Amino acid sequence: REETGTILSDSARDDDVRLQFSMPNILKAGFLFRPKPNLEIELATVYEGWSTLQSLTITNVNLQIDMNEPIGSAEITDDIILPTNFTDSYSIRLGWEWDISDDFTIRNGYFYETTGQPDSIVNVGLVDRNKLGYGIGGSWKPNSKWAIDAGLFQSFMGTWDVADSEHTQITVEVDVFGDGGTEVVDGRTVGDGVYSSSALLFGAGFSYAFGQRND
């Protein structure tokens, strides 16, 4: 008699899988206004066509699962499809740069961006939502050769509750009493929960112009 059972493995490893997809079209537009020679104000908008990517398919799969007799081990070779259901996203950005002297420049900017990721596909490895953010920074140029730059960026996504997640545990159905064949199926839902996210980044750098006279 041929029966099937669901086998869950704590871990399985494949050192060589393939994931191929096309990045979305990105369109940008903006303008710069210079009310004074030392002051620039910029406004820009960005469109990203993420709706073209509705899923990710992992191919070239070859996973081995250790099992008790009579199977011994089972091999998983089916493609693994991860849902994305992305939507198009948009953002608007406003910033300014002011040369307060020959040595010092300060910068400031703000943005709002919609997410291309529905709440139903949020998971701990891929968290995105409509967000607000700002950046501040500046430059110090002690002479014509050297420049030191520093900047701070912060964004906020808030807190939200996901109760209809489409992320499920990857589960393998094994034909235990047949030929040991396997089939990748949806397991229990693993993406529901309360999510909260923000970002805080700081960066600094310096540049040196070789051959420039040290004025």
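Hydrogens, waters and symmetry mates are skipped; everything else that's a heavy atom, side chains included, is used. Bear in mind the structure is a predicted one, so any value in this text is a computation, not a measurement. Residue indices begin at 1 and follow the sequence shown.
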Euclidean distance, Glu48 CD relative to Asp88 CG, rounded to 0.5 Å: 9.5 Å
Treating Ile, Leu, Val, Met, Phe, Trp and Tyr as nodes and any side-chain heavy-atom pair under 4.5 angstrom as an edge, say whether Ile106 and Phe33 lie in one connected cluster. yes
When Ile, Leu, Val, Met, Phe, Trp and Tyr are grouped by side-chain heavy atoms lying under 4.5 Å apart, directly or through other members, which residues fall in the same group as Phe153? Phe111, Leu201
Give, for atom CZ of Phe206 and atom CD1 of Ile148, the distance between the pair rounded to the nearest 0.5 Å. 8.5 Å
Distance-only side-chain donor-acceptor flag, Thr105 / Ser139, under 3.5 Å: no
Can you list everything that forms a side chain to side chain contact (heavy atoms under 4.5 Å, CB included) with Ser22? Sequence neighbours excluded, please. none
Do we see a donor-acceptor contact under 3.5 Å between the side chains of Arg93 and Ser91? yes
Hey, could you give me the OH/OG1 distance between Tyr90 and Thr45, rounded to the nearest 0.5 Å? 9.5 Å
More than 12 heavy atoms from other groups under 6.0 Å of CH2 on Trp98: no
Is the backbone of Ser101 close enough, under 3.5 Å, to the side chain of Asp99 for a donor and an acceptor to pair up by distance? no
Remaining members of hydrophobic cluster (4.5 Å side-chain criterion), Val122: Val124, Val127, Met157, Trp160, Val162, Tyr195
With no hydrogens and no angle check, do the side chains of Tyr134 and Asn108 hold a donor and an acceptor under 3.5 Å apart? no
For Lys131 and Arg129, indicate whether the former's side chain and the latter's backbone hold a donor-acceptor pair under 3.5 Å. yes
Main-chain N/O of Ser55 paired with Thr84 side-chain donor or acceptor, under 3.5 Å: yes
Nearest non-hydrogen partners of Gly191 and Ser165, listed with the distance: CA-OG, 3.2 Å
Is any side-chain heavy atom of Leu43 closer than 4.5 Å to a side-chain heavy atom of Ile92? yes
Just to verify, which of Leu56, Thr57, Thr52 counts as forming a side chain to side chain contact (heavy atoms under 4.5 Å, CB included) with Phe21? Leu56
Got a second to check how far Asp161's CG is from Ser196's OG, nearest 0.5 Å? 12.0 Å
Search all heavy atoms of Gly116 against all heavy atoms of Ser89 and return the closest pair with its distance. N-CB, 3.9 Å
For Thr114 and Asn130, test the side chains for any donor-to-acceptor distance below 3.5 angstrom and give the result as yes or no. no
Answer yes if the side chains of Glu166 and Asn85 hold a donor-acceptor pair under 3.5 Å, and no otherwise. yes
Mind checking the CD1-OG1 spacing from Ile121 to Thr87? Nearest 0.5 Å is all I need. 8.5 Å
For Gln154 and Gly135, indicate whether the former's side chain and the latter's backbone hold a donor-acceptor pair under 3.5 Å. no
In terms of relative ring orientation, are Trp140 and Phe104 parallel, tilted or perpendicular, with 30° and 60° separating the classes? parallel
If two hydrophobic side chains count as joined below 4.5 Å and joins carry through other members, does Phe31 share a cluster with Leu27? no
Ser144 and Ala209 have their tightest heavy-atom pair at O-CB, 4.3 Å
Heavy atoms of Asn143 and Lys145 approach each other most closely as OD1-N, 2.9 Å
Do the side chains of Met23 and Ile58 join up, straight or via other hydrophobic residues, at under 4.5 Å, putting them in one cluster? yes
Compute the centroid of each ring, for Tyr208 and then for Phe210, and state whether the two points are separated by less than 6.0 Å. yes
Step by step, work out the side chain to side chain contact (heavy atoms under 4.5 Å, CB included) result for Leu32 and Ile41. CA-CA 6 Å; Leu32 181 150; Ile41 301 173; over 6 Å; no
When clusters are formed by joining ILVMFWY residues with side-chain heavy atoms under 4.5 Å apart, either directly or through shared neighbours, do Leu152 and Trp96 land in the same one? no
Do the side-chain N and O atoms of Asp128 and Thr115 include a donor-acceptor pair separated by under 3.5 angstrom? yes
Spacing of Asn38 atom CG and Asp102 atom CG [to the nearest 0.5 Å]: 10.0 Å
Just wondering, more than 12 heavy atoms not from Asn25 lying within 6.0 Å of its CG? no
Classify the ring geometry of Trp50 against Phe86: parallel below 30°, tilted from 30° to 60°, perpendicular beyond 60°. perpendicular
Between Arg107 and Ile136, is any pair of side-chain heavy atoms under 4.5 Å apart? no
